Amino acid sequence: MTVKTEQATPTGAPATTYQHAPTKTIDIGGTRFAYRQLGADTGVPVVFLNHLAAVLDNWDPRVIDGIAAKRRVIVFDNRGIGASGGSTPNSVEAMARDAIAFIRQLGFDQVDLLGFSLGGMVSQVIAQDQPQLVRKLILAGTGPAGGEGIDKVTPITLRAMARGAVTFKDPKTYLFFTRTQNGRKAAREFLERLKERTQDRDKAISPISFRAQLKAIHAWANQQPSDLSNIRQPALIANGDQDRMVPSSNSVELARRLPNARLKLYPDAGHGGVFQYHQEFVAEALDFLES
């Protein structure tokens, strides 16, 4: 196993916040995977699995830092994403296999998973395929295979990208948040937080990888619903109550079908509800992980 630190934290200071966490790489079968780690060096780690088009710098630092205050946190670019090598697969199942290989290569026999959107779909597959690897699940802004409206992710995303180009706004303004006064304010604050890291930033996703992810989500949307009763791990399901990317009804459905789940829906919030309500979400997540 080869682990390489790409850049030390400024002035040699410890990586106490995500803003300064060094980017490391690990070789898995000849492919470089980029990741960052912070928090405690002991205990069951919380592995974060990211959303469509996202790289390391798209995680809300308030969520990362909040969880890392009590737990070891690991975030990574899956195959072909950001600074990671290889070609991005076009199925959720293949993404799950890559994530499992990454976790195993780091030497972990058990982890907690926090999957957001596409990452939540990948997390479900990991929990089904490798149940002994997963202790607890946090599934945010996501849905089950064949879930309502997930087949609309591609047109919704492309329309938001076009609207963003015309209005000179980040598409996440429209995809992650409501258009109410509260939603607009939350969007501005979230996007500002994503800019806090100014050094050692990740590479943006490539158009080829973006298309592969869209294909994976579309295939997930068109699958027959799977039996989720075999995911016995405790699960926290979180979302905004007005998610237009992965409709909030999917969060309700996950909570209904998973045998050991609890549900939290945030009011006047969309796909990025866990970022809009980051303080409440971090408190809820830590309570869940430590109970």
Side-chain angles (χ1 to χ4, degrees), residues 49-54 90-96 113-129 137-163 171-180 183 186-187 210-277 281 284:
L49 294 105
N50 221 337
H51 64 85
L52 170 68
N90 60 7
S91 77
V92 171
E93 292 75 18
M95 293 173 185
L113 297 179
L114 193 160
F116 174 57
S117 194
L118 172 59
M121 300 168 192
V122 175
S123 296
Q124 292 172 60
V125 176
I126 295 172
Q128 288 179 308
D129 290 354
L137 283 165
I138 299 177
L139 303 174
T142 194
E148 177 190 4
I150 298 177
D151 60 333
K152 307 285 195 307
V153 165
T154 294
I156 288 172
T157 300
L158 296 180
R159 282 198 299 270
M161 292 173 67
R163 187 178 182 186
K172 290 187 284 292
T173 300
Y174 307 111
L175 292 171
F176 280 20
F177 300 93
T178 62
R179 302 307 294 152
T180 65
F210 179 58
R211 286 195 294 271
Q213 289 186 331
L214 286 174
K215 287 180 181 178
I217 294 171
H218 189 72
W220 180 262
N222 287 285
Q223 286 181 27
Q224 290 298 312
S226 59
D227 180 10
L228 299 180
S229 65
N230 60 353
I231 299 180
R232 311 296 303 181
Q233 297 94 334
L236 170 63
I237 316 300
N239 203 353
D241 65 352
Q242 299 177 50
D243 188 343
R244 57 190 297 266
M245 282 198 78
V246 182
S248 305
S249 58
N250 288 289
S251 295
V252 176
E253 183 70 3
L254 278 174
R256 184 185 70 82
R257 290 168 55 191
L258 291 168
N260 193 9
R262 69 195 208 197
L263 174 66
K264 180 67 177 182
L265 292 178
Y266 297 101
D268 188 16
H271 193 59
V274 296
F275 306 138
Q276 180 171 340
Y277 287 86
F281 172 66
E284 184 96 14

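Keep in mind it's a predicted model, so treat the numbers as computed, not measured.
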What residues, two or more places apart in sequence or in another chain, satisfy ring-ring contact (aromatic ring centres under 6.0 Å, His included) together with Y277?
Y266
Strictly by side-chain hydrogen bond (donor to acceptor under 3.5 Å, both in side chains), give each pair with a member in residues 137-157 just once, sequence neighbours left out.
E148-S249
As a quick check of understanding, evaluate side chain to side chain contact (heavy atoms under 4.5 Å, CB included) for N250 and S248, giving each step before the final call.
CA-CA 5 Å; N250 288 289; S248 305; over 6 Å; no
As an exercise, state the distance from CZ of R159 to CE of M161, rounded to the nearest 0.5 Å.
13.0 Å
Partner set under side-chain contact (heavy atoms from CB on, under 4.5 Å) for V92, not counting sequence neighbours:
L118, M121, V122, V125, A216, W220
Would you please indicate if the ring centroids of F281 and F275 are separated by under 6.0 Å?
no
With sequence neighbours excluded, give me every side-chain hydrogen bond (donor to acceptor under 3.5 Å, both in side chains) pair touching residues 115-127.
S117-H271
Considering the options L254, I138, V252, which one meets the side chain to side chain contact (heavy atoms under 4.5 Å, CB included) requirement together with I237?
L254
Can you name the residues that form a side-chain contact (heavy atoms from CB on, under 4.5 Å) with A54, not counting sequence neighbours?
N50, H51, N58
Do side-chain atoms of Q276 reach the backbone of A187 as a donor and acceptor pair under 3.5 angstrom?
no
Which residues pass the side-chain contact (heavy atoms from CB on, under 4.5 Å) test with P225, not counting sequence neighbours?
R257
Would you please test E93 and Q128 for side chain to side chain donor-acceptor pair (under 3.5 Å) and show each step?
CA-CA 11 Å; E93 292 75 18; Q128 288 179 308; over 6 Å; no
